Amino acid sequence: MAQKFATREEDYSKWYNELVGRADLAEHSGVKGCMVIKPYGFAIWEKMRDILDAKFKETGHSNAYFPIFIPKSLFEAEEKNAEGFAKECAVVTHYRLKADPNNKGKLIVDPDSKLEEELIVRPTSEAIIWNTYKGWIQSYRDLPILINQWANVVRWEMKTRLFLRTTEFLWQEGHTAHATKTEAIQETEQMLDVYTEFSENYMAMPVIKGFKTESERFAGADETYCIEAMMQDGKALQAGTSHFLGQNFAKAFDVKFADKEGKLDHVWATSWGVSTRLMGALIMTHSDDEGLVLPPKLAPIQVVIVPIYKNEEELKLVSEKALEIKKALFSKGISVKFDDDDNRRPGWKFAEYEVKGVPVRLAIGPRDLAENKIELARRDTKEKMTISLDGLDLFIENLLNDIQDNLYNRALKFKAENIHYVDSYQEFKEKIETVGGFFMVHWDGTAETEAKIKEETKATIRCIPLDAKEEAGKCMVTGLPSSKRVVLAKAY
RNA sequence: CGGGGUGUAGCGUAGCCCGGUAUCGCGCCUGCUUUGGGAGCAGGAGGCCGUCAGUUCGAAUCUGGCCACCCCGACCA
């Protein structure tokens, strides 16, 4: 029977780690803090990437590619950005190895190959990109520049976790340049909306849109917009950020343009990104103790067909029907796997596809053929039913939509149930430890209070919701006046 | 990076205190029987015990360095 694995209740963190392995998504590599994304995991990321990429193009962006290395002098140009990332940068100082004279077969760094100037492995690409944009922009006619890059970046974190925080990770980073502040802010908000739409409609993951407080803001940004999602343990996960960079990078890299009147001004900028971290968000939003649960729109395999048979002859009959079904589903754009591997028995396959989160499983055997029926199991509710083979393709097409909706509604309900409106700091301190979740509280707007809460409770202000209602209140810590509630939670 | 823990076959483990080259389960290979919820029986393969050094006649076992992982902090998307 099923092996014993950690449940969410017992040990949420262990459950997550085991699940990533059991579902064959990723594993630790021989490099500290870096993961190998396995084919099944990468297939999910590819779906995310393709959908997002199409959305970026729909909104007028083009892809380009910039170097992985940034000379230190460029990196330090925008002071706040440099300062913010300095303590987590990988630095290339040499360009050659040579045979170790004292240790046969081993190599050492050739001290004669020291670089004149160190190269920073990009933790983010604003610096190299704005240094490039300087050469591309002279006039308002050159604007806007709407570019996205799919790339890997490196941030030398202390503690890493598969997908959630790895030293190297994959992401996309959009970098745009605009003639006006208004246009740049519109772009920032537009991309936050793209991320929101993707999270909710594809990942089936509800999010809260908001602004970051000054202390949580991206280094070098005037304003950071974000979407925050609630994981099943009640912790918050920042799923995407969109930054209004003001003229900070334009000033640092001296990027000016001439407007219609011939007046020179610095260019306005934005940057926005999501990463392989979304994989972690996806896992922690829907999965259960049996394994991964995938929303149909991101499932590499949407339907799996498992044949049941006792001999070659039965397999032949069953296969014929199964392939017919596969073809009908395929023509509706549904991805189907017919698993006729004879080395695995049906029970094994059932368990396997459950762990991998395949939304719909069909089992077909001689008994079903005789009755013109098929057994169908849905992963989200674990419901099993026997249905007619007639009109099966249509039924499944609708079912996949139902599953997608159900997952979203389930997550939405969970989120609603775990948002607490609290006015007393004492009550907050108690509840953050007992019930967890998101807390809507009044805050006096000062960094001091924010720091105090963080120090005393480990919770941080995740965001100031964009749709926060104006409401007279008092900061739960200091009692000073506050006009709206902010989202407070422990975060990944 | 600080505190604590762990590292033995693909995975999970026993053995370590009290030194004498290794236990069990799953998986893997072969054959037969099986196939509607992780199959059964029989036979078989696979490990210089994370790594490097030291102590010793002899090290999985004792000592030290390093590496990796887990938990708790600090940092962070």
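Note that the coordinates shown come from a computational prediction; the quantities given were computed from them, not determined experimentally. Each chain gets a letter, A, B and so on, in the order its sequence line appears, and its residues count up from 1.
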Test item: A:Gln238 and A:Arg462 side chains (from C-beta on) under 4.5 Å apart, heavy atoms | yes

Is there a Watson-Crick or G-U wobble partner for B:C16 with both distances under 3.5 Å, and which nucleotide is it?
-> none

Could you check which nucleotide pairs with B:U21 in any of the strands shown, counting Watson-Crick or G-U wobble with both distances under 3.5 Å?
-> none

Within the structure shown, what part of the strands sits under 4.0 Å from A:Phe169 by heavy-atom distance: base, sugar-phosphate, or nothing?
-> base

When the distance from CG of A:Leu170 to P of B:A77 is rounded to whole Å, what number comes out?
-> 18 Å

Please determine if A:Lys321 and A:Glu324 form a salt bridge, counting it only when a charged side-chain N lies under 4.0 Å from a carboxylate O.
-> yes

If you pin A:Ala491 and A:Gly365 to their nearest nucleotides in RNA chain B, which one's is more 5'?
-> A:Gly365

Does A:Phe218 have its ring centroid less than 6.0 Å away from the ring centroid of A:Phe85?
-> yes

If we only count heavy atoms from C-beta on, is the A:Leu292 to A:Arg22 side-chain gap below 4.5 Å?
-> no

Atom pair distance, as rounded to whole Å: CZ in A:Arg155 and P in B:A77 | 7 Å

Taking the same atom, P, in B:U21 and in B:C16, what whole-Å distance lies between them?
-> 14 Å

What nucleotide, of B:C28, B:A77, B:G36, holds the atom closest to the side chain of A:Pro366?
-> B:G36

When rounded to the nearest Å, what value does the distance between C1' atoms of B:G65 and B:G27 take?
-> 36 Å

When you compare B:C24 with B:A45, how far apart are their P atoms, in angstrom units rounded to a whole number?
-> 14 Å

Rounded to the nearest angstrom, tell me the gap between atom CG in A:Leu164 and atom P in B:A77.
-> 14 Å

Taken to the nearest whole Å, CG/A:Leu376 to C1'/B:G37 is 16 Å

Applying the 3.5 Å cut-off to both distances, the Watson-Crick or G-U partner of B:G37 turns out to be none

Look through every strand shown and name the nucleotide pairing with B:U63 as Watson-Crick or G-U wobble, where both distances are under 3.5 Å.
-> B:A53

Closer than 4.0 Å, any side-chain N/O of A:Arg345 to the OP1 or OP2 of B:A39?
-> yes

Are the side chains of A:Ile403 and A:Pro295 in touch, meaning some heavy atoms are under 4.5 Å apart?
-> no

Could you tell me the separation between the CD atom of A:Glu314 and the C1' atom of B:G36, rounded to a whole number of Å?
-> 11 Å

Write down the distance separating the C1' atoms in B:C49 and B:A14, rounded off to the nearest Å.
-> 12 Å

Using the P atom as the reference point in each nucleotide, state the distance between B:C52 and B:G25 in Å, no decimals.
-> 31 Å

Salt bridge (Lys or Arg N to Asp or Glu O under 4.0 Å) between A:Lys490 and A:Glu433, worked out | CA-CA 10 Å; A:Lys490 289 190 186 176; A:Glu433 292 306 323; 3.1 Å; yes

CH2 on A:Trp272 to CD on A:Glu189, rounded to 0.5 Å = 14.5 Å

Could you tell me whether A:Asp368 contacts a base, only the sugar-phosphate backbone, or nothing, with contacts defined as non-hydrogen atoms closer than 4.0 Å?
-> base

What does A:Arg367 touch in the nucleic acid at a heavy-atom separation under 4.0 angstrom: a base, only the sugar-phosphate, or nothing?
-> base

Looking across every strand, which nucleic acid part, if any, lies under 4.0 Å from A:Leu237 by heavy atom: base, sugar-phosphate, or nothing?
-> nothing

When you check the gap from the basic side-chain N to the acidic O, do A:Lys382 and A:Asp288 get nearer than 4.0 Å?
-> yes

For A:Glu383 and B:G37, give me the distance from atom CD to atom P, rounded to whole Å.
-> 18 Å

Please give, in whole Å, the distance from B:A39 P to A:Phe350 CZ?
-> 11 Å

When you compare B:G44 with B:G5, how far apart are their C1' atoms, in angstrom units rounded to a whole number?
-> 38 Å

Anything under 3.5 Å between a protein N or O and an N or O of nucleotides 68-75 of chain B, put it in a table, one pair a line.
from	atom 1	to	atom 2	distance (Å)
B:C71	OP1	A:Ser13	OG	2.8

Tell me: CG of A:Leu362 to C1' of B:G37, nearest whole Å?
-> 16 Å

Under 3.5 Å on both distances, the Watson-Crick or G-U partner of B:G43 | B:C29

Donor-acceptor pair present, A:Lys384 side chain and B:G37 base, under 3.5 Å = yes

Any salt bridge between A:Arg379 and A:Glu354, counting N to O under 4.0 Å?
-> no

Per nearest nucleotide of RNA chain B, the residue lying toward the 5' end, A:Gly347 or A:Thr276, is A:Gly347

Both distances under 3.5 Å, Watson-Crick or G-U wobble: report the partner of B:C1, or none.
-> B:G73

Euclidean distance for P, B:G10 against B:G50 (whole angstrom) | 13 Å

Re B:U6: Watson-Crick or G-U wobble partner, both distances kept under 3.5 Å, found to be B:A68

What interatomic distance, in whole Å, is found between P of B:C26 and the corresponding atom of B:U13?
-> 16 Å

A:Pro123 vs A:Trp156 side-chain heavy atoms within contact, under 4.5 Å = no

